[in-house]
Colleague: 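Below is a structure I'd like to ask you about.
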Number of protein chains: 2
Amino acid sequence: MARAVKRKTGAAAVRLPAELTQARRFSKTRSAQSSALLEDYVELIADLLTTGGEARPTDVARRLGVSHATAIKTIARLKREGLAPGRPYRGVFLTQEGQKLAARVRTRHRLVVDMLLALGIPAEAAEADAEGIEHHASEATLKAFAQFLQSREQN
Amino acid sequence: MARAVKRKTGAAAVRLPAELTQARRFSKTRSAQSSALLEDYVELIADLLTTGGEARPTDVARRLGVSHATAIKTIARLKREGLAPGRPYRGVFLTQEGQKLAARVRTRHRLVVDMLLALGIPAEAAEADAEGIEHHASEATLKAFAQFLQSREQN
DNA sequence: TCTGAAGTGTAGCCATGGCTACATTTCAGC
DNA sequence: GCTGAAATGTAGCCATGGCTACACTTCAGA
Ligand SMILES: [Mn+2]
Ligand SMILES: [Mn+2]
Ligand SMILES: [Mn+2]
Ligand SMILES: [Mn+2]
C-alpha cells in the first residue's frame, strides 16, 4: 500500500488517521487480554478466601480447569506483581492492592452477568460469556450497563 | 482442600459439580481467546480485499498496530490452518472457508457494536470494547442482542 | 513418633504472539 | 533495462500460559 500511495493518491492520505484509530483499538484489546488472566486469578482467590478462609493452589487450579503447575506459575506472577504475598506451602493471600483489584473485578463481573441475564440470556451462557466479556468492558460500557439495569428495575 | 475433605465433610462434596461448571466456563473463555486473533485477521483481510482489492501484510500490520514481522507470522498460521492461500510476495487472500469465517465474524462484529451503541455508549468506546467482546459472545448472547435491537427499532 | 498420601514446587517441554535486525524480492520511475 | 526504496520474508530473541514428570513438604491418623 505504501508503494501504492502514488497510485491511489487522494483517498489513502485521508484514511491514515482511521488506520491509527483502528490500531489503537486493537492495541487496547491486546492490553485488556494481558490483564484478564491476573484479574480472574485475583477474583477467584478472593472468593476462596471469603468462602473458605484459605486459597490453595490446588483449589485455584481445579476451579480454573488447569493443572496445579500452571496455577502455581501464575500465582508466582501475582507475587511478582505485588498482588499476592505468601510463603511456600502456606496458601495464597492478597495484598491491599490485590484486594482492591479483586473488589473491582468482582463488582464488574456481577454487573456484566446481570446485564446479560436482563437481556434474557440463559444463565449458563450468561455466566460463561461474562467470564470473557468482563475484561473488555470499559468504564463507559459499565456505566451504560448499570443504567440499563436501573431503568429496568423501575418498571 | 482435598486434604481438608475430611475436616469439612458435607459442603465440599456438594460443591464439586459447581467447580466443574466453573472450570468449563474458564476453559471456554480460553478457547475463545485462542481463536480471537485469527478471527480479527480474517475479518481485516476480508475488509482490505473488498475495499482495495488486495491485502498486503504491511497494511494488515499497520491496521492492527503490530510489526510487519508479527503480521507475516500470523498470516503464515492462517495459511497453515487453511484459511488463506497465497504465494510469497503476492499479498494475502482467503479460501472459501476463510471467506465464510470472515462473513460470520463481520456480522457478529457489527451486531456487537450496534448493541453497545444502542445502549448509549460513546462510539469510540463501543468500537474499542466490541473488538474484544465480540469473541466472547455465544450464539445465545448474539440472539439476545439482535432481539434487543429489533425491539428498539419498533418504537 | 512415623509415615505415606496429598499438596506443593521445580524443571523442562511446546505453541503463541510480541519484538528487532537483517536478507531478499519486487517494481515505479528514471 | 537498471536501480534503489519499499515491501516482504527470515532468524532469533523474549514473555506468557499451557502441559507432564519428578522432587520435596506437610500433616492426619495409625
Ligand atoms: Mn474472566
Ligand atoms: Mn470473572
Ligand atoms: Mn476483535
Ligand atoms: Mn472485529
Side-chain angles (χ1 to χ4, degrees), chain A residues 1-9 12 23 26-41 44-45 48 52 54-81 84 86-93 132 135, chain B residues 1-9 12 23 26-41 44-45 48 52 54-81 84 86-93 132 135:
Chain A
M1 261 277 273
R3 189 152 50 200
V5 163
K6 288 168 188 172
R7 287 182 253 158
K8 316 171 192 170
T9 23
F26 280 117
S27 170
K28 218 177 264 187
T29 300
R30 284 194 296 272
S31 133
Q33 183 45 29
S34 90
S35 28
L37 191 72
L38 293 193
E39 290 175 354
D40 283 335
Y41 267 77
L44 176 51
I45 289 168
L48 289 169
E54 56 176 11
R56 297 184 161 276
T58 302
D59 303 337
V60 173
R62 189 169 34 232
R63 296 264 226 124
L64 287 169
V66 298
S67 74
H68 82 276
T70 295
I72 285 170
K73 214 197 272 188
T74 305
I75 287 168
R77 203 178 140 210
L78 290 185
K79 289 178 183 167
R80 254 186 291 145
E81 310 216 355
R87 297 101 66 210
Y89 297 96
R90 282 299 110 137
V92 199
F93 299 93
H135 309 284
Chain B
M1 263 273 273
R3 189 150 52 201
V5 163
K6 288 166 188 175
R7 289 181 250 160
K8 315 173 191 169
T9 21
F26 280 117
S27 171
K28 218 177 265 189
T29 299
R30 285 193 297 271
S31 133
Q33 181 48 12
S34 89
S35 29
L37 191 72
L38 293 194
E39 290 176 354
D40 282 337
Y41 267 76
L44 176 51
I45 289 168
L48 288 170
E54 57 176 10
R56 298 185 159 276
T58 303
D59 303 337
V60 172
R62 187 170 36 231
R63 296 262 226 126
L64 287 169
V66 298
S67 74
H68 82 276
T70 296
I72 285 171
K73 215 198 272 189
T74 306
I75 288 169
R77 203 180 139 211
L78 290 186
K79 290 179 181 167
R80 253 186 292 146
E81 310 216 356
R87 298 99 68 209
Y89 296 97
R90 282 298 108 137
V92 199
F93 298 92
H135 309 284

Colleague: Can you name the closest pair of heavy atoms from Tyr41(A) and Thr70(A) and give their distance?
Modeller: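 Looking at all heavy atoms of both residues, the closest pair is OH-O, 4.0 Å.
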Colleague: Rounding to an integer number of Å, can you tell me how far Arg62(B) CZ sits from dG18(C) C1'?
Modeller: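 Atom-to-atom, Arg62(B) to dG18(C), this comes out as 19 Å.
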Colleague: Please state how far atom CG in Asp59(B) lies from atom P in dG9(D), giving the value in whole angstrom units.
Modeller: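 Rounded to the whole Å, the gap is 12 Å.
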Colleague: Nearest to the side chain of Thr58(B), heavy atoms from C-beta on, is which of dT8(D), dC27(C), dC19(D)?
Modeller: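 Output: dT8(D).
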Colleague: Side-chain contact test, heavy atoms from C-beta onward, threshold under 4.5 Å: evaluate it for Thr29(A) versus Gln33(A) and give yes or no.
Modeller: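 No. Closest side-chain heavy atoms not under 4.5 Å.
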Colleague: Nearest 0.5 Å please: distance from the CD1 atom of Ile72(A) over to the OG1 atom of Thr58(A).
Modeller: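 These two atoms lie 6.5 Å from each other.
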Colleague: Looking at every non-hydrogen atom in both residues, tell me the closest pair between His68(B) and Ala61(B) and how far apart they are.
Modeller: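 In this case the closest contact between His68(B) and Ala61(B) is CA-CB, 3.6 Å.
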Colleague: Want to settle it: does Arg30(A) or Arg87(A) sit nearer the 5' end of DNA chain C, counting the closest nucleotide to each?
Modeller: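 Counting from the 5' end, the first nearest nucleotide belongs to Arg87(A).
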Colleague: Please list, by residue number, the residues of residues 67-75 of chain B whose heavy atoms come closer than 4.0 Å to an atom of DNA chain D; answer none if no residue qualifies.
Modeller: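 The stretch gives His68(B), Ala69(B), Ile72(B), Lys73(B) as the residues lying under 4.0 Å from the strand, ordered by number.
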Colleague: Applying side chain to side chain contact (heavy atoms under 4.5 Å, CB included), can you list everything that pairs with Phe26(B), at least two apart in sequence or on another chain?
Modeller: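 Result, side chain to side chain contact (heavy atoms under 4.5 Å, CB included) vs Phe26(B): Asp40(A), Leu64(A), Glu131(A), Gln22(B), Arg30(B).
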Colleague: Might you point out which heavy atoms bring His135(B) and Ala32(B) nearest each other, and give the distance in Å?
Modeller: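 Heavy-atom minimum between the residues: O-CB, 3.4 Å.
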Colleague: Using the closest heavy atom to pick a nucleotide of DNA chain D for each, name whichever of Tyr89(A) or Leu37(A) lands nearer the 5' end.
Modeller: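 Per heavy-atom nearest nucleotide, the more 5' residue is Leu37(A).
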Colleague: Round to the nearest Å and state the distance from Lys28(B) atom NZ to dG18(D) atom C1'.
Modeller: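 In whole Å, dG18(D) C1' and Lys28(B) NZ are 20 Å from each other.
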Colleague: Measure across Ala71(B) and Val60(B) and return the closest heavy-atom pair with its distance rounded to 0.1 Å.
Modeller: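 Heavy atoms of Ala71(B) and Val60(B) come nearest at CB-CG1, 4.4 Å.
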Colleague: Arg80(A) has a side chain; which of dT26(D), dT8(C), dT16(D) sits nearest to it?
Modeller: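 Given the options dT26(D), dT8(C), dT16(D), the side chain of Arg80(A) is closest to dT16(D).
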Colleague: Taking only side-chain nitrogens and oxygens of Arg90(B), does any of them come within less than 4.0 Å of OP1 or OP2 of dC27(C)?
Modeller: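 Indeed, a polar side-chain atom of Arg90(B) lies that close.
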Colleague: Starting from C1' on dC19(D), measure out to CG on Leu64(A) and report it in whole angstrom.
Modeller: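 That distance rounds to 15 Å.
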Colleague: Checking contacts here: which listed nucleotide (dC27(C), dG18(C), dG9(D)) is nearest the side-chain heavy atoms of Pro57(B)?
Modeller: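 Given the options dC27(C), dG18(C), dG9(D), the side chain of Pro57(B) is closest to dG9(D).
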Colleague: Roughly, in whole Å, what's the span from CD in Glu54(A) to P in dT26(D)?
Modeller: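 Checked: the CD to P distance equals 15 Å.
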